[in-house]
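First the structure, in the form of structure tokens, and then the observations on it.
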Amino acid sequence: MRALTWQGTMKVRVEDVPDPVIQDPGDVIIRITSTAICGSDLHLFDVLGPFLSRGDVLGHEPMGIVEEVGQGVTTLAPGDRVVIPFVIACGHCYMCQRGLTTQCETTQNRSSGTGASLYGYTELYGSVPGGQAERLRVPFADFNAQKVGHDLPDERYLFLSDILPTAWQGVQYAGLESGDVLAVIGLGPVGQFAARIGVHLGHRVIAVDPVPERRAMAERHGVEVLDLTDDVLDRLREATDGRGPDAVVDAVGMEAHGNPGAAFAQFAAGLLPDPLAKKAATTVGVDRLAALMLALDSVRRGGTVSLSGVYAGAADPMPLMTMFDKGLTIRMGQCNVHRWRDELLPLVEDPADPLGVTDLVTHRVPLEEAARMYDVFKKKQDGCIKVVLTP
């Protein structure tokens, strides 16, 4: 089959790889009909290379049609249409029963000290072949593959794989009450959905992003927007009676604009021999923290900062005195997709499309163009906000 593979720092390529096969009775094999490029994939493109091997298949936002079914599968059959969460969980362990599927004790990666396995996301998370491919093996399929109908287009359902529940969790973690103001830092795909979810739930939402096309998209959905200017902190406070927003969702993560020193360190570490690069990343690695610092500075005293953007630095400097003095609540983590999907399915199937899932994709291209689109997405060229690949 054809698949998008990692070849080195800022180098990916579509090539022939072996077809997946049933390995365990609970597996299914799906033929992928749509698969997306996630902002988290860009971390693999230029930061987390030391934890990848040449030829690893990337991608964790797929959906498609079941083709083969293991003997232990009871709820799926060939021909079923399914969306695949990026988290691989068993559904029955201590953590899964508590809705913490990202901490699944069955697929947890104890050797690397990380949580549940993820599709296409480095040796830290199991080195599981990803979904930017023509086919995908889905373990624990009865729990992981979400069956959907055949009538609506893929884009109604595709984002249930990751970014829609990630945004939903981010807003839920913000702990908003009636009348509260939510700020969203970053209007990439997760930020777009987080802002729209805030509006859908009845809150005033102010979002910050330096890209005009992203701000314009958010405005279409009732979001107030601010450019990332030098005085944006003052403007956020001015817009909220001088206090700051009640909660802030950081939808950017480790590769925020600014922090040129950290950006260089991230890039340089990726060029080291793998053993040295891994050691650096897990002991002295740092993230670009501009978005997080803006969130911590702007949120009102006693407010909440919810981190949806991915962070991976082991030695990030944090302003603990300020955080303590302001009495902040911080919530974070990979999205427990399975916990939220029953709430979200009626929203994506609603004819009114209340979260605007049909107004996100800016580029739909064949899988063969994936390498080019990684570069376009990374550089925010051509108005690129969300890319969907068609195998």
Side-chain angles (χ1 to χ4, degrees), residues 1-5 12 14 17 19-20 28-42 44 57-68 76 78-88 118-121 128-138 141 144-168 188-190 192-193 217 335 337-338 341 344-345 347-350 353 355-374 376-377 382-391:
M1 70 173 183
R2 301 289 283 172
L4 190 281
T5 63
V12 293
V14 177
V17 302
D19 286 337
V28 301
I29 305 298
I30 69 166
R31 173 178 57 81
I32 294 173
T33 56
S34 293
T35 184
I37 301 177
C38 180
S40 297
D41 290 326
L42 299 182
L44 309 181
V57 178
L58 305 184
H60 58 267
E61 295 186 2
M63 67 175 294
I65 305 297
V66 175
E67 286 196 331
E68 299 179 52
L76 299 168
D80 285 341
R81 188 184 189 206
V82 292
V83 179
I84 309 301
F86 75 94
V87 180
I88 304 170
L118 312 177
Y119 292 103
Y121 218 79
V128 181
Q132 288 168 3
E134 292 181 323
R135 286 176 175 77
L136 179 72
R137 169 183 168 254
V138 180
N144 288 308
Q146 181 176 17
K147 192 186 302 185
V148 298
H150 287 268
D151 295 334
L152 297 174
D154 278 8
E155 284 166 28
R156 283 280 185 158
Y157 296 110
L158 178 61
F159 306 126
L160 293 171
S161 61
D162 178 358
I163 58 172
L164 187 55
T166 292
W168 187 268
V190 170
Q192 292 285 342
F193 278 146
M217 178 179 277
C335 180
V337 177
H338 308 71
R341 56 189 181 181
L344 290 168
L345 184 59
L347 294 176
V348 303
E349 291 184 328
D350 187 333
D353 191 15
L355 302 183
V357 294
T358 58
D359 182 29
L360 185 73
V361 177
T362 53
H363 294 71
R364 176 178 276 279
V365 301
L367 176 65
E368 295 294 330
E369 296 185 33
R372 178 179 68 85
M373 291 313 303
Y374 262 73
V376 170
F377 187 31
D382 193 30
C384 186
I385 296 174
K386 187 62 177 177
V387 180
V388 173
L389 307 171
T390 305

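These numbers come from the heavy atoms of this one structure, side chains and all, not from hydrogens, waters or symmetry mates. When a residue number appears, it is its place in the shown sequence, counting from 1.
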Go through L355 and L344 one step at a time and tell me if the side-chain contact (heavy atoms from CB on, under 4.5 Å) criterion holds. CA-CA 10 Å; L355 302 183; L344 290 168; 4.3 Å; yes
Before giving the answer on side-chain contact (heavy atoms from CB on, under 4.5 Å), spell out for E155 and V361 the whole-Å C-alpha distance, their side-chain angles and the decisive distance to 0.1 Å. CA-CA 8 Å; E155 284 166 28; V361 177; 3.8 Å; yes
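- Two residues are said to be in side-chain contact when any heavy atoms from C-beta on lie closer than 4.5 Å; V138 and Y119 meet this criterion.
- Closest approach of P165 to L160, counting heavy atoms only: CG-O, 3.5 Å.
- The two residues L152 and E349 have their closest heavy-atom pair at CD1-CA, 3.9 Å.
- Considering only heavy atoms from C-beta on, F159 stays 4.5 Å or farther from V83 through its side chain.
- A salt bridge does not link R135 to E68: none of the charged side-chain nitrogens sits closer than 4.0 Å to a carboxylate oxygen.
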Under the side-chain contact (heavy atoms from CB on, under 4.5 Å) rule, what do Y374 and L58 come out as? Steps first, then yes or no, please. CA-CA 11 Å; Y374 262 73; L58 305 184; 3.9 Å; yes
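- Under a 3.5 Å cut-off, the side chain of D19 and the backbone N or O of M1 do form a donor-acceptor pair.
- Residues G79 and H150 approach most closely at O-CE1, 3.2 Å, considering heavy atoms.
- Note that CG of L389 and CD1 of I37 are 4.5 Å apart. Values are rounded to the nearest 0.5 Å.
- Using a distance-only test at 3.5 Å, with no hydrogens or angles considered, a donor-acceptor pair links the side chain of Q132 to the main chain of A36.
- Summarising the geometry, atom CD1 belonging to I88 is positioned 7.0 Å from atom CG belonging to L118; distances are rounded to the nearest 0.5 Å.
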Any chance you could lay out the side-chain contact (heavy atoms from CB on, under 4.5 Å) test for I163 and K386, step after step, and finish with the verdict? CA-CA 11 Å; I163 58 172; K386 187 62 177 177; 3.8 Å; yes
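- How far CD1 of I84 is from CG of L158: 11.0 Å, rounded to the nearest 0.5 Å.
- Taking each heavy atom of P62 and I32 in turn, the nearest pair found is CB-CD1, 4.1 Å.
- For the salt bridge (charged side-chain N to carboxylate O under 4.0 Å, His left out) test, residues two or more places apart in sequence or in another chain that qualify with E369 are R372.
- Residues Y121 and S40 form a side-chain contact, since some pair of their non-hydrogen atoms from C-beta on lies under 4.5 Å apart.
- Taking SG of C335 as the start and CH2 of W168 as the end, the distance is 11.5 Å to the nearest 0.5 Å.
- Of all the heavy atoms in V348 and V357, the pair that sits closest is CG1-CG1, 4.1 Å.
- What you find for D151 and R81 is that their closest heavy atoms are N-NH1, 4.2 Å.
- With contacts defined as side-chain heavy-atom distances shorter than 4.5 Å, the pair M63/I30 does not qualify.
- The CG atom of D382 sits 7.5 Å away from the OG1 atom of T362 when rounded to the nearest 0.5 Å.
- With a 4.5 Å cut-off on side-chain heavy atoms, E67 and V28 do not count as touching.
- Between P85 and H338 there is a side-chain heavy-atom pair separated by less than 4.5 Å.
- Legend: residues meeting salt bridge (charged side-chain N to carboxylate O under 4.0 Å, His left out) with D359, ordered by chain and number and at least two apart, are R220.
- Within the 4.5 Å cutoff, the side chain of F193 has no heavy atoms near those of the T166 side chain.
- No side-chain heavy atom of T390 sits less than 4.5 Å from a side-chain heavy atom of T33.
- The distance from atom CG of L136 to atom CZ of R31, rounded to the nearest 0.5 Å, is 13.5 Å.
- Under the rule for a side-chain hydrogen bond (donor to acceptor under 3.5 Å, both in side chains), the partners of R2 that lie at least two apart in sequence or sit in another chain are D16, E368.
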